[in-house]
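Step one of this worksheet: look at the structure below.
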Number of protein chains: 2
Amino acid sequence: MKLEAVDIGKMASASDIVFEALRHAIINGELADGEPLRQDEIAGIFNTSRIPVREALSRLEQQGLVRTERYKGAFVAGISIDEVSEIFSFRSLVESNVIAAAVPKIRPETLAEARIYYTEFSTTKDPMEWGKLNRKFHYMLYRDSDLTFHLSIINNALDRIDRYLRAQLTMTDGVPKANKEHLGILRACEKGDAELAAKLTREHILGARDNLVEFLENHRIKP
Amino acid sequence: MKLEAVDIGKMASASDIVFEALRHAIINGELADGEPLRQDEIAGIFNTSRIPVREALSRLEQQGLVRTERYKGAFVAGISIDEVSEIFSFRSLVESNVIAAAVPKIRPETLAEARIYYTEFSTTKDPMEWGKLNRKFHYMLYRDSDLTFHLSIINNALDRIDRYLRAQLTMTDGVPKANKEHLGILRACEKGDAELAAKLTREHILGARDNLVEFLENHRIKP
DNA sequence: ATATTGAAAATTGGATCCAATATATTTAAT
DNA sequence: ATTAAATATATTGGATCCAATTTTCAATAT
């Protein structure tokens, strides 16, 4: 099992460190769906006892990234194609509304930052960076909505599907398509056209859903 | 501190029992916003050690019902009026979409059950039952959508605002209004009119939002 | 009287140990 | 040889103990 501590800025408890490390490993697909997460092993990696590990695991279970069975332990929670599809539908609904709320309030600095992430996303060749940059790009366009609850829910939804999306982007040529769509959304925001930004965001996510579902149906080992 | 074990069916670990008991106490408003949740005290109530208590608290923090400060402990997480308002807006968006997805698939048994909860809600005088029955009524109308992710997010949103809503319903006459609206939604579902059900649900929740925000602005001690 | 310092108490975070359960391995019976 | 029972090992759930930090409150100085 490959695990690395993630820098989370402020002084953090051991359980926070373990939580973030496991979260990143799961959303990045470094831990396969169904893989058991042994308390002893993880505690060994971080030189702690099992107590903070258990706390981290129970938090991850609450987030839907891990499932646990009594006396059997914790496992990376894989999700079905139907669930992946549902989460994308949910995202298209919520994110299109959030961007519509953000556009009238969006600040020039925010747009400038979004453009930086757009460019970085379009130029990087490292699949590991795609998820991060894609998130940062979209987040910038949502940020000025100040809808913190919506944003936290969107983040959780992204956590659950990031790894599948990356697998698809790596094996197909979805990145150029995503890029073109990102540019369209960015321009709509720059023009202040909230309705258009919402429409393009909805289509962007629903298109990604359909591509990903097709990809998973062809490539996934049926359970 | 008043706490009671909640029956959660299957054999559960101590941490599950503590989690559900605290969750219910918080969403029912039996524990006030900001109230400290001392590990020792809770452990004493349930005759366990602090370990399962800490696990429960960290899960509740992930759900947004509790906030913790390092070496200071856990506290019931109150939310601002803006956040309450945001959560209602979120609900109106998501729940109207879920009911629109459910109506074409809704089964007669489901409608019958919904009508039972509608009647119970309209006749009970116990404010403690309102939240439960209101949830059960709406859940019935969403159930056949099979959108499990959406439903789990809706549940979390309800967990966060239930206590404020109950306070308002208790001190104003919001129940008859809610009842009338419930009947309208129910009839739209029975007619199979998904668009109307969605519209009425959206208006039902946005109306509740505006009433609750006004109530909180008048009654809440400003922080 | 008020503010400041410092020790005592309370509280949390984490480590270690024990009990309960599940899994793997060995042994015995046919 | 195959299957069933018994035993050993691994793993989790929980209790108890210790360390780190905060809070409380009394003693002291101004």
Side-chain angles (χ1 to χ4, degrees), chain A residues 1 3 5-23 25-26 31-77, chain B residues 1 3 5-23 25-26 31-77:
Chain A
M1 185 188 300
L3 275 182
V6 179
D7 182 28
I8 50 181
K10 55 178 184 251
M11 184 167 40
S13 62
S15 113
D16 290 339
I17 293 167
V18 175
F19 173 80
E20 278 302 326
L22 283 171
R23 176 172 161 268
I26 293 172
L31 297 170
D33 287 358
E35 183 164 339
L37 302 168
R38 297 289 161 217
Q39 298 174 6
D40 268 326
E41 186 181 3
I42 296 164
I45 291 170
F46 292 97
N47 267 81
T48 68
S49 74
R50 282 162 40 219
I51 301 288
V53 175
R54 279 166 58 178
E55 244 177 72
L57 290 172
S58 71
R59 286 161 67 184
L60 289 163
E61 182 178 23
Q62 210 64 43
Q63 285 226 337
L65 296 178
V66 154
R67 83 189 145 77
T68 67
E69 283 178 74
R70 198 168 150 78
Y71 292 117
K72 288 189 180 172
F75 306 84
V76 177
Chain B
M1 184 188 301
L3 274 182
V6 178
D7 183 28
I8 49 180
K10 55 177 185 251
M11 186 166 42
S13 64
S15 113
D16 290 338
I17 292 167
V18 175
F19 172 81
E20 278 302 326
L22 284 172
R23 177 173 162 267
I26 293 172
L31 298 170
D33 286 359
E35 184 165 339
L37 302 169
R38 298 289 162 216
Q39 297 175 6
D40 267 326
E41 186 181 4
I42 297 164
I45 292 170
F46 292 98
N47 266 81
T48 68
S49 74
R50 283 162 40 218
I51 302 289
V53 174
R54 280 167 55 179
E55 244 177 72
L57 289 173
S58 71
R59 284 159 68 184
L60 288 163
E61 182 178 24
Q62 209 65 42
Q63 286 228 335
L65 296 178
V66 154
R67 84 189 143 77
T68 67
E69 284 179 72
R70 195 167 152 80
Y71 291 117
K72 290 188 179 172
F75 306 84
V76 177

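A, B, ... follow the sequence lines: proteins, then strands. Residue 1 opens every chain.
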Spacing of B:Phe19 atom CZ relative to D:dG13 atom P, expressed in whole Å: 16 Å
Side chain A:Arg50 and base D:dG13 donor-acceptor under 3.5 Å: yes
Among C:dG14, D:dG14, D:dT12, the one nearest A:Pro52 by side-chain distance: C:dG14
First of B:Tyr71 and B:Ser49 reached from the 5' end of DNA chain D, by closest nucleotide: B:Ser49
Distance in angstrom units between B:Glu69 CD and C:dG13 C1', rounded: 15 Å
Steps toward side-chain hydrogen bond (donor to acceptor under 3.5 Å, both in side chains) verdict (B:Arg59, B:Ser15): CA-CA 10 Å; B:Arg59 284 159 68 184; B:Ser15 113; 3.1 Å; yes
A:Lys72 side-chain proximity, nearest of C:dT23, C:dG13, D:dG14: C:dT23
Touch class at under 4.0 angstrom, heavy-atom based, for A:Thr48 against every strand present: sugar-phosphate
B:Glu41 CD to C:dT12 P, straight-line distance once rounded to whole Å: 10 Å
Whole-Å gap separating P (D:dT12) and CD1 (B:Ile51): 15 Å
Pair B:Asp16 + B:Arg23: basic N to acidic O under 4.0 Å: no
Between C1' of D:dA10 and CG of A:Asp40, the distance in whole Å: 9 Å
Heavy-atom closest contact (A:Ala77 atom, A:Arg67 atom, distance): CB-N, 3.8 Å
Spacing of B:Glu55 atom CD relative to C:dT12 atom C1', expressed in whole Å: 16 Å
Length of the line joining B:Phe46:CZ and D:dG14:C1', which is rounded to integer Å: 16 Å
D:dG14 base / B:Arg54 side chain donor-acceptor hit below 3.5 Å: no
Side chain of A:Ser15 (C-beta onward), nearest among C:dT21, C:dG14, C:dT12: C:dG14
Under-4.0 Å salt bridge between A:Arg38 and A:Glu41: no
Shortest side-chain distance from A:Gln39, nucleotide among C:dT12, D:dT12, C:dA22: D:dT12
Atom of A:Thr48, atom of A:Ala14 and distance for their closest heavy-atom approach: CG2-CB, 4.1 Å
Value in whole Å for how far the C1' atom of D:dT12 lies from CG of A:Leu37: 13 Å
Sugar-phosphate only, base, or nothing, as touched by B:Arg38 at under 4.0 Å among non-hydrogen atoms: sugar-phosphate
